[in-house]
Protein chains: 2
Amino acid sequence: MSKSLINIAILEPSQIITEGLSNILLKTGTYSKIFKIDSLNEFNTKLFGSQIDIAIINPNQIQNKLKEFSLLKKSLPNTLWTGLVYTFFDQTLLAQFDKIINITDSPESIGELIHKIKNADYHSVTGNEIEQLSEREIEVLKLLIKGLSNKEIGDKLNISIHTVISHRKNISQKTGIKSQAGLTIYAISNKIVQIEDYLT
Amino acid sequence: MSKSLINIAILEPSQIITEGLSNILLKTGTYSKIFKIDSLNEFNTKLFGSQIDIAIINPNQIQNKLKEFSLLKKSLPNTLWTGLVYTFFDQTLLAQFDKIINITDSPESIGELIHKIKNADYHSVTGNEIEQLSEREIEVLKLLIKGLSNKEIGDKLNISIHTVISHRKNISQKTGIKSQAGLTIYAISNKIVQIEDYLT
DNA sequence: AAAAACATCCCCTTTAATAGGGATAGAGGG
DNA sequence: CCCTCTATCCCTATTAAAGGGGATGTTTTT
């Protein structure tokens with residue numbers, strides 16, 4: 001891949017970030033053309049046929065669209081799929097990307113990204129499956145994180161406290177996490193709960 | 001306040017965001033001068049004597065510097081203190097600002113901000129004091145969130161379990177949060193712990 | 001100098017969670 | 001049809017936490 005003009009697609013809802021990133025990319029001195037897009041499927045419409053070398057994507061945009069994203073990666077194997085992270089995201093989500101750049105990265109390190117793509121080939125990796133919690137277990141987990149006791153959870157779900165304890169045992173086994181704090185972080189990072197809902 | 005040139009200070013560690021925001025502010029068509037700064041105290045050094053009309057600040061930058069920020073607001077009462085939010089923050093932290101803009105806000109709504117400042121006076125409000133946790137309490141909280149028991153925390157800090165329990169009682173009283181899950185979320189949203197450290 | 005906050009330690013009682021051990025019934029896939 | 005997973009329920013013993021009550025000495029603030 002020895003070409004001097006690089007095509008970069010940016011999928012990011014914040015115009016502030018899109019503007020800033022474009023500027024910094026253009027300032028790296030490499031000749032690049034930047035396409036700003038609003039959704040994943042614009043890769044197949046607006047950008048169809050273009051050879052996109054780097055796609056920079058807000059991970060939120062592939063949330064709940066993992067299959068679509070997988071297909072896209074297969075249909076565009078020569079693209080470097082990059083996640084743009086400015087808050088914490090689920091690790092399994094980030095694992096879908098070939099590379100991660102952070103909003104606080106310096107222009108220099110972003111410049112390096114461009115440099116590398118000119119000199120190397122990247123191979124898309126498929127993320128690992130995590131052991132899924134069942135629906136009921138997730139219900140229990142959500143209430144658990146609200147700080148409810150086993151008994152309160154049972155009352156709320158109309159099941160006995162023993163069932164709740166069973167579910168909790170299974171949750172702990174599946175996740176390997178024993179403490180409530182750890183489970184809270186697990187639930188947040190896996191988007192089972194939104195942290196915003198817990199801020200008063 | 002009927003002046004055409006507006007001075008804007010931006011305190012934001014991400015260069016991507018600073019770049020993007022500057023661009024959008026300049027594109028609003030108003031004549032504004034933008035100062036990029038790296039810390040709160042540059043208001044008293046680099047910017048000393050300048051009439052800053054709008055300060056746009058990443059709330060992280062005032063975390064643990066609430067007193068300094070309060071004094072600053074008092075010494076610069078004609079400045080509009082604006083928080084730039086791109087992830088969740090503690091609400092009490094956001095209450096310290098006169099105004100909040102979000103990273104996903106459109107250029108138009110940011111332009112409105114500039115427009116308003118030209119036609120109105122803003123009065124700085126002093127935010128409520130957050131009841132601060134003591135150093136020791138924060139140490140205990142951090143270990144608590146790792147899932148350690150009271151006894152383990154005591155062993156780690158070389159204090160008796162009774163002291164740990166005392167600290168926990170005080171933490172609960174100060175924050176009003178009883179459950180470990182709630183405290184975890186409190187600690188994350190107050191940047192006492194980084195959620196990234198807990199992702200395996 | 002007095003008051004407030006902090007850090008340390010101790011006691012008691014009640015309530016909840018943990019860690020084992022189970023059982024049963026239904027749904028779904030191979 | 002068998003096996004696995006899920007959801008439900010139960011028991012016992014041990015450990016931990018919650019919620020009260022204090023006390024003492026040291027900083028820090030007013």
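Residue numbering restarts at 1 for every chain, and letters A, B, ... go by the order of the sequence lines.
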Please state how far atom [atom1] in [X] lies from atom [atom2] in [N], giving the value in whole angstrom units.
X: A:L148; N: D:dA17; atom1: CG; atom2: P; value: 19 Å
X: B:I171; N: D:dA17; atom1: CD1; atom2: C1'; value: 14 Å
X: B:H162; N: C:dC10; atom1: NE2; atom2: C1'; value: 6 Å
X: B:N170; N: C:dA7; atom1: CG; atom2: C1'; value: 9 Å
X: B:E139; N: C:dC6; atom1: CD; atom2: P; value: 14 Å
X: B:E137; N: C:dC6; atom1: CD; atom2: P; value: 6 Å
X: B:I161; N: C:dC11; atom1: CD1; atom2: C1'; value: 13 Å
X: A:I159; N: C:dT24; atom1: CD1; atom2: P; value: 20 Å

Sub-4.5 Å side-chain heavy-atom contact between [X] and [Y]:
X: A:I52; Y: A:I8; value: no
X: B:V193; Y: B:Y186; value: no
X: A:L143; Y: A:L157; value: yes
X: A:W81; Y: A:L72; value: yes

Under 4.0 Å, heavy atoms only, any strand: does [X] hit a base, just the sugar-phosphate, or nothing?
X: B:S134; result: sugar-phosphate
X: B:K151; result: nothing
X: A:S166; result: base

Exercise. Do the side chain of B:S160 and the base of C:dC10 come within less than 3.5 angstrom through a donor-acceptor pair of N or O atoms?
Worked result: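 No.
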Problem set entry | No-hydrogen, no-angle side-chain donor-acceptor test under 3.5 Å, A:S22 and A:E19 |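 No donor-acceptor contact under 3.5 Å links the two side chains.
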For this session: Indicate whether OP1 or OP2 belonging to D:dT8 is found under 4.0 Å from a side-chain N or O atom of A:H167.
Result: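 Yes, such a contact exists.
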For this session: Please figure out whether B:R136 or B:I165 has its closest DNA chain C nucleotide nearer the 5' end.
Result: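 Between the two, 5'-proximity favours B:R136.
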What's the closest nucleotide to the [X] side chain, out of [options]?
X: A:S149; options: D:dA16, C:dA16, C:dA7; value: C:dA16
X: B:R168; options: D:dC9, C:dC9, D:dA17; value: D:dA17
X: B:K169; options: C:dT18, D:dG20, C:dC6; value: D:dG20
X: A:N150; options: D:dC9, D:dA7, C:dA17; value: C:dA17

